[in-house]
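Residue numbering restarts at 1 for every chain, and letters A, B, ... go by the order of the sequence lines. Below, each value reflects all heavy atoms present in this structure, side chains not excepted, and no hydrogens, waters or symmetry copies.
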Amino acid sequence: MMETKIDNRNDNAVNGAVLEQVPMTDITEIIKEREAPLLRYAGRLIRDSETARDVVQEVFIKYVRISQDQGRAKIDNIPAWLYRVTRNLCLDHLKSKRIQLEIPIDENIANVAGGESPDSTLEKKDAMTLVRKKLMELEPRDREVVILKVEHGRSYKEISEIMGISVTNVGFILHTAIKKLAKDLKAAVN
Amino acid sequence: MNCNDYSKLMTDLLAGEISGKDKAVIDSHLASCESCRKEFEELKTVWTLTESALKEDFFDDSLKPDQYQKIFNSVKPEILPVPSKKSTPIKFMWLEIAASITVCVILAALLLPSLSLSRVNARQFSKSNQMHQEKLGTVTGNWHPIVTPKDVFIPQEDKLAEDKSEVNKNRMSAKEISEGEIARGGELLQKGQSQKSDRLEERAAGKDAKDSETNAPSVVMFPTYGLESGMAGAIAPVSTATEEKQEAADKSLEADYRYSDNLMVAVAPAASPAPAITAAPAEAAKPEPPLTPIFARKSLKDEDLKRDETSDDYKKPAESKVAVSTAATPRDSGKQLAYDRVDSLKESNEGLKSKAVIGKEEVRGISLTYKIYSLNLKLWDLTDEKTAREFLKRKGANFADSAEISINRDSNTITITTTKENLEKADELFSELRRSEDSLKEMKDGIPFLPTKQKPFSTFSIDVDTASYTMARKLLRNGQKPDSFSVRPEEFINYFDYHYRSPSNSTFAVYLESAPSAFRPENYTLRVGVKARELGPDGSRPSVFTIVIDASGSMARENRMDLVKKTLPLLFDQMKPDDKVAVFVCTHRVVNIVDYLPVKEKKTIIKLVEGIMPAGVADIENGLVTAYDSASRHYVSGAYNRVILLTDGISNIGTHSAEAILAKVSFARNMGITNTVIALGGDGDDKFLETVANKGDGNYVYIENEEGARELFVNEFAGRFREIARDVKIQVEFNPMIVSQYRQVGYQNRQLSKADFRNDKVDAGEVGAGQSVTALYEMKLNKAFPSKSSDTAIDNPINYSICIVRLRYRRADNMDMEEKEFPLAFHELKFNSDKASCGFRLAAAVAEFAEFLRYPDVPGIANPENIMKQIQGVIGEDYRNDGKVSELYSLVKNVK
């Protein structure tokens, strides 16, 4: 039985390799472990928590069906598979609404809860608002790579599977995006 | 390699995607090259900033219980984890219903004769079943013949699974997963199971109905009683020891309900030549492990619980009538059918979907059968396919010619066979018809009396809103009559002050009083008065208020934005200097003009509010969502966290669906953020605003002018903005020996099932410091009161009480649940309506007035003269100086 991994990043350790097969009885474990990040991802893509929940529910149902019908060996990286299906369902949903995949990030959300000194809080808050703004200036595709890597901690390999782009490309996109962000921020600060 | 070549490696390093060799290379370069080191530091800063910025966004982190249930439903039995050997056996059902190409969902006529037959049968079976409670059972023949499992058609796939199932069963039981280990899974599963089993139960009970259909195409069966459990199954509580006491009190009723609890149910494919649905005692199935669906009851205790959960449901008074009485009207059964069908439609869809994916079999359509004679609407003059088609078309459901619509006059059913999408549309249509008919019925007949014997419990969530009264008042002053649906009697009643004393050392005091009705002397009125403690030692708790102000063009009208600007400072005056306030202004976008400033800076805050210029449309939905997000982030534990919405109505401009907003509101409520919805102007979307307040454990108030605002912000400040208890639920248990029937006045939107009372996950209303809440019942008493019979236990207080009122709530200060019990002893009953207290008579008069406005067509409601007489009476006594009451008097006079 696979140990439950709370931090998604731990999955990077098995990057690319066929994951140890998860016993079927662990569907509850999988839901428990994956629902929050998947809801987060789906929520970002479609901006509607209700639909996001429906999507994630559907993903788990698909997972159950596939793993029963074809054997779980067919899914060699469960998190990547779950993300990919989530993404596809979200795209379907957006398409049905004739909405382009934008993955918008609101500028004004940034707020930092108390605990830090007022000055640094304000500074950090400004910086975050700026980051959010700059993130919105990236191409949607680049933004998604950043989200999957930085926010969700997926590996290049996984991102390549999820988004259907090559591994090298993932690295390249991430690199240019981060560099652009750094440059923009620097420019904005000065 | 020059510096540029290292740049990409830096990202990889940050991303943790770097090989050992490259890592050594970059490390050594960074050590030697200052500019690259600087660049790397910058990239790292950006990375962490981006990460914290992204992670700050708020998203849901869990699915809803019913969604877990759906996921579990899709799991085939062999991989379901077994919660523990002590728990209820797994109940599930094959989704392979769709094994046939066409699945027909039948909503069959519920024939009462066959219902009573089923009860007889079930009683015979029940004994033997109890002996096999823990066993999984299977299938059977018709009601009368009992067949062994061999006689039952087993679908091909199941046969394959047959061998496995024995093995699996052993494996699963041997596995002995500890409860803690799968605590969550078990919990989810249990939820799933309980809902599932409810559904099966419904089916079991509805099975006889199906038998009456001669050409029943296939599969699935339905209703009868237990509708509510199907609908609310997702939140169905697990049995607790505390429930047992109540169960004991109900034991006498058991027999009437048992029939549906001990059935074994199976679902077979449509193609089966054998009876599709069957029921029999578990004995018949004993020899072999189960193949097909299957559920068995764990214990009678559970059944009691379940039974009451379903029967004690006041919102849909009809269904338990069906279960216990042969006098049920056709309409009652029809109503259930409609509800049950929704559930089953979903299920068959799911089945279809999976089939379409896995089997690639072509699905031509599924069908729905509705019973039509049970609907009283005139629209139902459907005689043949053509009129039916035209009717549906008029209603917006235009079916392709390939859809089959047939009318069966004998069984009074309409059957539609078409694609899933179309059926969903039809489904909506029929449900809508059903809903409108339900309200029409209520408007026509008023709220029906419920038989105490079958439904001794009335459970509801507390409600302290008053908007319905203040809005009606405005209309009545202008000589208009309020719309029936906007008159909520409980909000009328709670507008007035009944002079309850505040408790000094407990959270609530409860005042019970019962006397003959002043308007219908043959009936008795029961008044349940609840009074919350005045703000006590926790008065020092800080407040964090997130205020959302609607700045749409319409707010520019009189007594709207000007009122907000003028009176909001009054609110700030009540707050403590260190309390925090944020203000969001909604126009077409949402602007945060005050970002959690302490109230001591109220000059600044007021200035900023002064600057709001109403114009254009307002995206209140977005405003609410943004405000709630922000409130969640600024949540201060132990403080009064509250979102305050000031609006003159929500014009949906569609950025967020109503459901999405309500989901957010509920979510925030669970973390401790309540709300106050303040309506201005009086022409807003009353229903939606009320729902927002409901979902958010909040208050819904309407302020008309400065005086009203002052009342809210100054006089009622503690009550409205400082909650003292949350999830406050009231349960009244009537003694069937004394009370034969009862009905509650108002609170229709607040009804809960019996089991919800002790299910602390079920949301209910909040009560603020010093607030009082009043609920009224009208009771019919038994003609002859039985003398104390020898077999009743003396220690059960219900035996010498008219009723027992139980109050359950979560204290806002320490979040502990508390439950209190208050009996109304028989000798406290007043036999003369004049003996009743002043407040009692006022409450009865206010309720009567509300019902007079709400049910203009219901016979038996007093006329305004009588109501005025009663009000005059109380003005002559305790209410001499109460402006609210004299105002009420003039309103009633105007109506006359």
Between CD on residue Glu58(A) and CD1 on residue Ile71(B), distance to nearest 0.5 Å: 9.5 Å
Does any non-hydrogen side-chain atom of Lys179(A) lie less than 4.5 Å from one of Glu39(B)? yes
Between the CZ atom in Arg53(A) and the CZ atom in Phe59(B), the distance rounded to the nearest 0.5 Å is 13.0 Å
Is chain B contacted by the side chain of Leu38(A), its backbone, both, or neither, given a heavy-atom distance below 4.5 Å? neither
So CD of Glu51(B) and NE2 of His152(A): to nearest 0.5 Å the spacing works out to 11.0 Å
Quick one: pull up NZ in Lys8(B) and CD1 in Ile178(A) and give me the separation to the nearest 0.5 Å. 11.5 Å
Tell me whether Tyr635(B) at atom OH has more than 12 heavy atoms from other residues, nucleotides or ligands lying less than 6.0 Å away. yes
At a heavy-atom distance under 4.5 Å, which candidate from Arg40(A), Glu50(A), Lys183(A) has the highest pair count against chain B? Arg40(A)
Side chain, backbone, both or neither: which part of Lys664(B) has a non-hydrogen atom closer than 4.5 Å to chain A? neither
Atom CD of Glu137(A) with >12 non-hydrogen neighbours under 6.0 angstrom: yes
Determine whether Leu174(A) and Glu17(B) make a side-chain contact, defined as any pair of heavy atoms from C-beta on separated by less than 4.5 Å. no
Would you say the side chain of Leu54(B) lies within less than 4.5 Å of the side chain of Arg44(A), judging by non-hydrogen atoms? yes
Nearest heavy-atom neighbours spanning Ala182(A) and Leu43(B): CB-CD2, 3.9 Å
So, does Gln57(A) use its side chain to make a donor-acceptor pair with the main chain of Leu63(B) at under 3.5 Å? no
In terms of heavy-atom proximity below 4.5 Å to chain A, should Thr48(B) be classed as side chain, backbone, both, or neither? neither
Flag side-chain contact, heavy atom, 4.5 Å: Leu181(A) against Leu49(B): no
Which portion of Leu185(A) sits near chain B, non-hydrogen atoms under 4.5 angstrom: side chain
Enclosure of Lys44(B) NZ (heavy-atom neighbours >12, cutoff 6.0 Å): no
Report, as yes or no, whether the 6.0 Å neighbourhood of atom CZ on Arg589(B) holds more than 12 heavy atoms from other residues, nucleotides or ligands. no
Might you point out which heavy atoms bring Ser52(B) and Met128(A) nearest each other, and give the distance in Å? OG-SD, 3.6 Å
For the CD1 atom of Ile661(B) and the OG atom of Ser49(A), what is their distance to the nearest 0.5 Å? 10.0 Å
Got Thr50(B) and Lys134(A) here, is their nearest side-chain heavy-atom distance under 4.5 Å? no
Pairs of heavy atoms under 4.5 Å with chain A: top-ranked of Asp12(B), Thr45(B), Leu14(B): Asp12(B)
